[in-house]
Novice: 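Handing you this structure, nothing more for now.
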Amino acid sequence: FHILFDAPPSLEVAGLTHQLPKELQTRFELGFQVRAPHLSPTQQRLSATMSVQLFRAVPRLILQAEEAEQRLLVRELKTVLQRYLEPYLG
């Protein structure tokens, strides 16, 4: 994931992945519009932004960890996302 978001290894990959964070942001926002129409547009955008940023930051941490620690970090990421999104999505 960090390769896709931070430092693509080639111009070809860079061209393919340049829009990925923006596309994820848009898709998350659309998801909030459909699944949580009761949220204001501002809250939908903020929730989408936070979700995308979690996906940008945490995979690097997971990939750098030892295998046993990776499983724990993945479980923790799922917990964070569930607890963050549950009040909005039910």
Novice: Quick one: do the Gln33 and Glu29 side chains pair a donor with an acceptor below 3.5 Å?
Specialist: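 No donor-acceptor contact under 3.5 Å links the two side chains.
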Novice: Heavy-atom distance under 4.5 Å between the side chains of Met50 and Leu54, does that happen here?
Specialist: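 Not in contact.
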Novice: Would you say the side chain of Pro37 lies within less than 4.5 Å of the side chain of Phe32, judging by non-hydrogen atoms?
Specialist: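 Not touching, per the 4.5 Å side-chain cut-off.
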Novice: Let me confirm one number: the CZ-CD distance from Arg27 to Gln25, rounded to the nearest 0.5 Å.
Specialist: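 One finds 13.0 Å between CZ of Arg27 and CD of Gln25.
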Novice: Could you give me the CA-CA distance, side-chain angles and deciding distance for Ser47 and Gln43, then say whether side chain to side chain donor-acceptor pair (under 3.5 Å) is met?
Specialist: CA-CA 6 Å; Ser47 297; Gln43 185 60 57; 3.0 Å; yes
Novice: Sequence neighbours excluded, which residues qualify as side chain to side chain donor-acceptor pair (under 3.5 Å) partners of Arg35?
Specialist: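 By the side chain to side chain donor-acceptor pair (under 3.5 Å) rule, Arg35 matches no residue at all.
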Novice: Rounded to the nearest 0.5 Å, how far does CD of Gln70 lie from CG of Leu63?
Specialist: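 It comes to 6.5 Å.
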Novice: Considering only heavy atoms from C-beta outward, does the side chain of Leu72 approach that of Glu76 to under 4.5 Å?
Specialist: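 No. Closest side-chain heavy atoms not under 4.5 Å.
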Novice: Hey, what do you get for OG (Ser51) to CG (Leu85), rounding to the nearest 0.5 Å?
Specialist: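 CG of Leu85 is found 4.5 Å from OG of Ser51.
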Novice: When the ring planes of Phe55 and Phe28 are compared, do they come out parallel, tilted or perpendicular, using 30° and 60° as the limits?
Specialist: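 Phe55 vs Phe28 ring planes: tilted.
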Novice: Side-chain contact, heavy-atom cut-off 4.5 Å: Arg45 with Thr42?
Specialist: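 The answer is yes; the side chains approach within 4.5 Å.
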Novice: Rounded to the nearest 0.5 Å, what separation is found between the CG atom of Leu61 and the CG atom of Leu73?
Specialist: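 With rounding to 0.5 Å, CG (Leu61) is 5.0 Å from CG (Leu73).
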Novice: When rounded to the nearest 0.5 angstrom, what is the spacing between CZ in Arg83 and CG in Leu81?
Specialist: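 The distance works out to 11.5 Å.
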Novice: Could you tell me whether the side chain of Val34 reaches within less than 4.5 Å of the side chain of Leu30, counting heavy atoms only?
Specialist: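 Result no, sub-4.5 Å side-chain heavy-atom pair not found.
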Novice: Does a side chain donor of either Ser40 or Gln44 reach within less than 3.5 Å of an acceptor in the other side chain?
Specialist: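 No, no side-chain donor-acceptor contact under 3.5 Å.
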Novice: Do Val80 and Val52 share a hydrophobic cluster (ILVMFWY, side-chain heavy atoms under 4.5 Å, transitive)?
Specialist: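 Yes, same cluster.
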Novice: Can you tell me how far the CG atom of Leu46 sits from the CG atom of Leu39, to the nearest 0.5 Å?
Specialist: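 The CG atom of Leu39 is 10.0 Å from CG of Leu46, to the nearest 0.5 Å.
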